[in-house]
Every structure is written in C-alpha cells, then in structure tokens.
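These notes concern the structure reproduced below.
Heavy atoms only: backbone and side chains are in, while hydrogens, waters and symmetry mates are out. In this text, all values refer to a predicted model and were calculated from it rather than measured experimentally. Order of the sequence lines sets the chain letters (A, B, ...), proteins ahead of strands, with each chain counted from 1.
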Number of protein chains: 2
Amino acid sequence: MIMTRDRTFTLAVDALKEAGLRPTRQRVQLLHLLRAGGNRHLSADDLAREAKKIGLSVSLATVYNALNQFTQSGLLREVVIAPGISYFDTNIGPHHHFYFEEERRLQDIPVDAVSVSDLPPAPMGTKVARVEVVIRLESEQK
Amino acid sequence: MIMTRDRTFTLAVDALKEAGLRPTRQRVQLLHLLRAGGNRHLSADDLAREAKKIGLSVSLATVYNALNQFTQSGLLREVVIAPGISYFDTNIGPHHHFYFEEERRLQDIPVDAVSVSDLPPAPMGTKVARVEVVIRLESEQK
DNA sequence: TCAATAGCCTGGAATCGTTCCAAATTTAAT
DNA sequence: ATTAAATTTGGAACGATTCCAGGCTATTGA
Ligand SMILES: [Mn+2]
Ligand SMILES: [Mn+2]
Ligand SMILES: [Zn+2]
Ligand SMILES: [Zn+2]
C-alpha cells in the first residue's frame with residue numbers, strides 16, 4: 001500500500017518525507033493519529049491501544065519504533081516522569097509541564113508563563129540541548 | 001547487631017530514628033556510606049556495588065528498599081532522567097541539575113544560580129510538591 | 001534479662017516497559 | 001518487473017524494579 005495518493009494523509013506523508021522517514025502505512029497512520037486531536041501526552045501503550053481501537057493493524061514493536069524514530073527526527077518529544085513512566089509529547093515547541101502525581105497526567109505550561117533566567121553557562125565542551133521545567137503537583141487536602 | 005553504641009555511626013543512627021526508621025545494620029551502613037563523600041547522585045546499582053566493594057553484606061532488594069524508604073522520609077531525593085535511568089541524590093536542599101547525556105551524569109546547580117520566576121499558580125485543588133529544572137547537555141562538537 | 005512480637009532482610013521469582021531478533025513483507029530505485 | 005534496502009512483526013530476551021515467603025533481628029515490657 002503506497003499512501004502518497006490519499007488526501008487524508010498528505011500532511012503526515014509530507015512530514016515523514018521531510019524527516020527522512022519512509023511513509024509506510026504504519027508510520028503514516030500513527031503520525032496522523034498522533035496529530036489528530038491537538039497537543040497530547042501519551043505513552044507507547046496509550047498509542048497502541050488507540051490504534052487498535054480505531055482498527056489500525058500495528059504491532060507494539062512498531063509503535064515503539066515509530067515513536068522513537070519520530071522523537072529522533074523532532075516530530076515528537078519525550079518527557080520522562082518516573083522510572084517506567086514516560087510520555088511522548090505532540091507539542092514540540094518550547095514549553096514546560098505540570099505533572100499531576102495522582103493522575104499521572106501532564107499538562108503544558110506555555111514557555112512565556114515561566115521565566116527561567118540567569119542560567120549558568122553550559123560547561124566547557126557542552127551545549128544546552130534542552131531546558132526542562134517540571135512542576136510536580138500533589139492534591140491539596142490530606 | 002545493635003548499632004547504637006558505635007561512635008562511627010551515631011549520626012546515621014540518629015537520622016534514621018528521627019525519620020522513624022529502625023536503625024538496622026543495613027540501613028545504618030547504607031546511610032553512612034551515602035553520606036560519606038559529599039553530595040552524590042547514584043543509582044541503586046551503584047550503591048549496591050559500592051557496598052559490596054567495601055565488604056558490606058546487603059542484598060539488592062534491601063538496597064532498593066532502603067533507598068525508597070530514605071526517599072520517602074526525605075533523607076534522599078530521586079531524580080529521574082530517562083526510562084530506566086534514575087539517581088538518588090544525597091543533596092536534599094533545593095537545587096537544580098545539569099545532565100550530561102553522553103556520560104549519563106548529573107551535576108548540581110545551586111538554586112540561586114537559576115531564577116525560576118512567574119510560575120503559574122498551581123491548579124485548583126493541588127499544591128506544588130517540587131519544581132524541577134534539568135538542563136540537558138550534549139557534547140559541543142559533531 | 002529474656003521471651004514475644006512486629007519489623008526487617010534475603011534470594012529468587014515475577015513484573016513490566018522496552019528492545020532485540022530473524023523471517024516475511026513492503027518500499028524505492030532501476 | 002526486478003532487485004536491494006528498509007520495515008514490520010510476534011515472540012523471545014532484557015534490565016530495572018518489585019514481590020514474596022521464610023528466616024533473622026530490633027524493640028519492648030514483663
Ligand atoms: Mn525512548
Ligand atoms: Mn523509586
Ligand atoms: Zn507538553
Ligand atoms: Zn543533585
């Protein structure tokens with residue numbers, strides 16, 4: 001199945017080509033699914049489950065492969081919260097996160113809603129890849 | 001072996017008692033080891049290996065139990081970097097981190113070396129448990 | 001001082017998210 | 001259409017962490 005002719009998927013196909021990834025059926029469908037529905041934070045398992053729910057035929061290994069490839073190409077970004085808990089973020093612009101511990105849920109914070117200033121310079125021989133701010137929240141009462 | 005009489009370990013014993021943890025041989029030795037040598041970031045496996053190297057007899061399960069208990073009691077803090085990569089931090093005061101991707105190493109940044117201001121308020125029903133800033137570094141050349 | 005009891009430690013099995021593998025399929029180039 | 005290279009797949013393997021049940025150990029209070 002060559003997916004370059006289906007109008008529904010042209011955006012996903014183009015994005016994949018630009019990222020240097022072959023627009024295979026699985027990648028196209030997964031990227032399309034990821035991008036439908038605004039900014040999201042989802043685990044590999046979330047995506048696999050969603051894909052299955054709408055009838056896509058994609059193995060879990062391929063979901064992992066695709067998510068990692070998308071992340072490496074800059075189509076996604078990964079946010080790690082705890083050992084065994086990481087989310088793929090469809091919002092690749094600069095921003096920060098609230099993390100609701102109880103709900104295990106991330107929520108975006110616009111980058112200009114937090115000011116991180118006076119960063120120390122990157123140590124010799126290194127450069128800053130990313131500045132991550134995570135505000136961990138717990139429920140108020142107790 | 002009751003360790004309350006050994007002068008070498010009084011600090012560790014007292015800290016454990018204050019934290020509401022029984023000062024067992026394993027906990028005392030591990031906490032003592034953790035606190036010898038300044039601020040450190042080490043994995044459970046690092047600590048198990050160090051313990052073995054100096055001749056302590058502690059199982060890996062106990063190292064995990066102790067690290068988790070110490071973290072819950074505020075004697076340590078945990079910093080998660082990637083799925084399967086987390087470090088226990090003997091520096092429990094407020095501070096931030098550089099992370100050297102290649103070396104998989106954390107380095108402290110004094111809290112006053114970074115200014116994080118204008119934080120958005122915690123959403124209704126929640127309160128801020130911690131604000132984490134991680135500056136991810138990659139090597140400069142390539 | 002010395003049971004009695006609650007808590008702790010341990011090795012090994014189990015869990016769980018993720019990666020690896022090799023065979024079958026699909027894509028892209030000729 | 002042919003071919004080579006890349007991709008997908010189910011299942012096995014992996015590695016970090018947790019669980020478990022049986023044997024110790026610290027604490028307490030008689
Ligand atoms: Mn990953
Ligand atoms: Mn933990
Ligand atoms: Zn986000
Ligand atoms: Zn630190």
Derivation and outcome, salt bridge (charged side-chain N to carboxylate O under 4.0 Å, His left out), residues Arg77(A) and Glu132(A): CA-CA 12 Å; Arg77(A) 118 184 200 193; Glu132(A) 280 180 359; 5.5 Å; no
Atom pair distance, as rounded to whole Å: CG in Leu47(B) and P in dT17(D): 12 Å
Out of dT17(D), dT18(C), dT9(D), whichever nucleotide has its closest atom nearest the side chain of Ser86(B): dT17(D)
Residue Thr62(A), side-chain atoms from C-beta onward, closest of dT27(D), dT9(D), dT18(D): dT9(D)
Donor on one side chain, acceptor on other, His95(A) and Asp89(A), under 3.5 Å: yes
Value in whole Å for how far the C1' atom of dT18(D) lies from CD of Glu78(B): 13 Å
Close side-chain approach of Asp108(B) to His97(B), heavy-atom, < 4.5 Å: yes
Short side-chain N/O contact to dT10(C) OP1/OP2 from Ser59(B), under 4.0 Å: yes
Side chain of Val58(A) - closest among dT10(C), dT9(D), dT17(D): dT9(D)
Under 3.5 Å side-chain donor-acceptor pair for His41(B) and Asp46(B): no
Rounded interatomic separation in angstrom, taking CG from Leu21(A) and P from dT27(C): 15 Å
Note, Thr126(B) side chain near Glu138(A) side chain (heavy atom, < 4.5 Å): no
Val80(B) and Ile85(B), any side-chain heavy atoms less than 4.5 Å apart: no
Five-pair end axes of the helix from dT1(C)-dA30(D) to dT30(C)-dA1(D), angle between them (10°): 30°
Main-chain N/O of Arg35(B) paired to Thr90(B) side chain as donor or acceptor, under 3.5 Å: no
Minimum-distance nucleotide to Gln26(B) side chain [options: dC9(C), dT18(D), dT9(D)]: dC9(C)
Side-chain N,O (Asn65(A)) to OP1/OP2 (dA6(D)) below 4.0 Å: no
Spacing between Leu60(A) atom CG and dA13(D) atom C1', to the nearest angstrom: 14 Å
Distance, rounded to the nearest Å, where Gln29(B) contributes CD and dC9(C) contributes P: 11 Å
Proximal nucleotide (of dT17(D), dT9(D), dC8(C)) relative to the Arg27(B) side chain: dC8(C)
Thr24(A) side chain near dA6(D) phosphate (N/O to OP1/OP2, under 4.0 Å): no
Nucleotide dT18(C), atom P - distance to OH of Tyr87(A) in whole Å: 11 Å
With 3.5 Å as the limit, what N/O pairs link the protein to nucleotides 3-5 of chain C?
none

Separation of dT27(C) C1' from Arg25(A) CZ (nearest whole Å): 13 Å
From dG11(C), dT18(C), dT9(D), nucleotide with atom closest to Ala61(B) side chain: dG11(C)
Sugar-phosphate, base or nothing in reach of Asp45(B), heavy atoms under 4.0 Å: nothing
Integer-rounded Å distance: dC9(C) P and Leu67(B) CG: 12 Å
Validation: residues 53-64 of chain B side-chain donor-acceptor distances under 3.5 Å, sequence neighbours left out:
residue	atom	partner	partner atom	Å
Ser59(B)	OG	Thr62(B)	N	3.1
Ser59(B)	OG	Thr62(B)	OG1	3.1

Phe88(B) vs Asn68(B) side-chain heavy atoms within contact, under 4.5 Å: yes
Nearest-0.5 Å distance that lies between atom CG in Asn65(B) and atom CG in Leu21(B): 11.0 Å
5' priority, DNA chain C, between Gln69(B) and Tyr64(A) [closest heavy atom]: Gln69(B)
